[in-house]
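The structure under discussion appears below in the form of structure tokens.
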Amino acid sequence: MTERAGSKLVYLADVVTLRLDPEKCTGCRMCATVCPRGVWAFADKKAVISERDACIECGACARNCADGAISVQTGVGCANAIINSYFSKNKGVCCG
């Protein structure tokens, strides 16, 4: 059984640095709770990456994973573009 939460907006295909070590995952679901993009789903009581290209590499999942099962290189790609556009005068700029 697979559960999904979140939207289907995607950014760039196959560029996300998000990684999951399923052996370390205990299925606490914190990754799904903090993810703003609905990237995570659960199967067999463990997290799975269901919407990889929707990840904006904010790092919330990795920071809140007590098991160290998630890694992501934050501040790159779309997340960086969104953050930079938010704090700059050119607020309309984004990735893609």
Side-chain angles (χ1 to χ4, degrees):
M1 181 175 133
T2 301
E3 297 176 17
R4 261 202 61 210
S7 68
K8 291 190 177 214
L9 292 177
V10 296
Y11 298 98
L12 303 172
D14 300 325
V15 297
V16 174
T17 60
L18 180 65
R19 303 282 182 264
L20 169 69
D21 182 343
E23 298 298 319
K24 292 182 179 179
C25 178
T26 59
C28 72
R29 296 179 181 251
M30 185 57 77
C31 53
T33 299
V34 299
C35 179
R37 304 297 306 138
V39 170
W40 299 97
F42 290 86
D44 297 324
K45 298 183 180 179
K46 290 199 173 197
V48 294
I49 300 171
S50 68
E51 298 287 345
R52 177 180 209 79
D53 293 335
C55 177
I56 59 171
E57 297 179 322
C58 68
C61 56
R63 284 181 168 248
N64 288 283
C65 179
D67 305 311
I70 301 169
S71 65
V72 63
Q73 187 178 357
T74 60
V76 297
C78 287
N80 193 36
I82 291 168
I83 291 167
N84 286 340
S85 70
Y86 181 79
F87 289 109
S88 72
K89 292 179 182 177
N90 193 3
K91 295 190 182 291
V93 175
C94 189
C95 58

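With sequence neighbours excluded, the residues satisfying side-chain contact (heavy atoms from CB on, under 4.5 Å) with Lys24 are Asp21, Ala69. Qualifying side-chain contact (heavy atoms from CB on, under 4.5 Å) partners for Arg63, counting only residues two or more places apart in sequence or in other chains: none. Partners of Thr26 according to the side-chain contact (heavy atoms from CB on, under 4.5 Å) rule, which considers only residues two or more places apart in sequence or in another chain, are Cys28, Asp67.
Closest heavy-atom contact between Ala62 and Val72: CB-CG1, 4.0 Å. The shortest non-hydrogen separation linking Arg52 to Val16 is O-CG2, 3.4 Å. In this structure, Ala47 and Leu20 approach most closely via the heavy-atom pair O-CD2, 3.1 Å. Considering all non-hydrogen atoms of both residues, Gln73 and Thr17 come closest at N-OG1, 2.8 Å. For the pair Glu23 and Lys46, the tightest heavy-atom approach, listed with the atom from each and the gap, is O-NZ, 4.0 Å.
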Next item on the list: Quick one: do Ile49 and Trp40 satisfy side chain to side chain contact (heavy atoms under 4.5 Å, CB included)? Show the steps, please.
Entry: CA-CA 5 Å; Ile49 300 171; Trp40 299 97; 3.4 Å; yes
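At least one side-chain heavy atom of Cys61 sits under 4.5 Å from a side-chain heavy atom of Leu18.
Proximity of a side-chain donor or acceptor of Thr74 to a complementary backbone N or O of Glu57 within less than 3.5 Å is not detected.
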